[in-house]
Amino acid sequence: VGFPIIKLSQYLAVLIAPTTVFVFYDYFLSFDREVNHVWRDKLTLGSVLFFLVRYALIIVMMFQIAEYFGLNQLVSVGFCIFIPLSEELI
């Protein structure tokens, strides 16, 4: 008796929806605090790093979802280069 072999596409199908929901749920819960504490203050290195980390994940997730659902023909070559680079930062 062994474990069934699961293809990567099946694995992603099971994980992509709950992961996306969790990330956006967290963003919506903390958005009002982000506006009060980060957006209204002056721009600093810390706030720039905060925005890069926080919103790079959303951008990467959107492109991964588009790729999974076969919408990758709409993505330009420049963004295809950006995705692996941004994943290394995260």
Side-chain angles (χ1 to χ4, degrees):
V1 177
F3 292 104
I5 297 174
I6 299 174
K7 293 181 181 180
L8 181 60
S9 61
Q10 293 171 328
Y11 179 73
L12 290 176
V14 170
L15 291 180
I16 200 164
T19 304
T20 304
V21 169
F22 176 74
V23 168
F24 282 103
Y25 178 72
D26 177 57
Y27 277 55
F28 288 127
L29 283 181
S30 59
F31 186 73
D32 59 338
R33 288 178 285 179
E34 175 187 334
V35 169
N36 289 331
H37 297 290
V38 180
W39 290 22
R40 293 188 179 162
D41 292 340
K42 66 178 185 168
L43 194 63
T44 63
L45 178 60
S47 60
V48 170
L49 291 174
F50 173 81
F51 286 123
L52 285 175
V53 169
R54 184 163 170 91
Y55 293 103
L57 178 63
I58 290 179
I59 293 168
V60 169
M61 286 183 70
M62 287 189 316
F63 285 115
Q64 287 176 340
I65 291 169
E67 180 181 2
Y68 177 76
F69 287 110
L71 303 174
N72 53 354
Q73 294 85 10
L74 303 175
V75 178
S76 70
V77 174
F79 284 115
C80 292
I81 294 170
F82 170 76
I83 290 174
L85 293 176
S86 62
E87 288 177 344
E88 291 175 8
L89 296 174
I90 299 173

Between S30 and R54, the two heavy atoms sitting closest are OG-NH2, 3.2 Å
Should V38 and V48 be counted in the same cluster of Ile, Leu, Val, Met, Phe, Trp and Tyr side chains packed under 4.5 Å apart? no
Taking the six-membered ring for Trp, are W39 and F31 ring centroids under 6.0 Å apart?
yes
Check: Taking the side chain as C-beta and beyond, is there a heavy-atom pair between E34 and Y27 under 4.5 Å?
Finding: no
- request: Indicate if F28 and L57 have the same hydrophobic cluster label, given that clusters are the connected sets of ILVMFWY residues with side-chain heavy-atom separations under 4.5 angstrom.
  value: yes
task: May I ask whether V53 and L45 are part of the same hydrophobic cluster, defined by side-chain heavy atoms of I, L, V, M, F, W, Y residues being less than 4.5 angstrom apart, directly or through others?
output: no
Short side-chain to backbone donor-acceptor contact, N36 and D32, under 3.5 Å: yes
- Query: Do you reckon I58 sits in the same ILVMFWY cluster as L29, going by side-chain contacts under 4.5 Å, direct or chained?
  - Reply: no
hydrophobic_cluster_shared for Y55 and F24, side chain cutoff 4.5 Å: yes
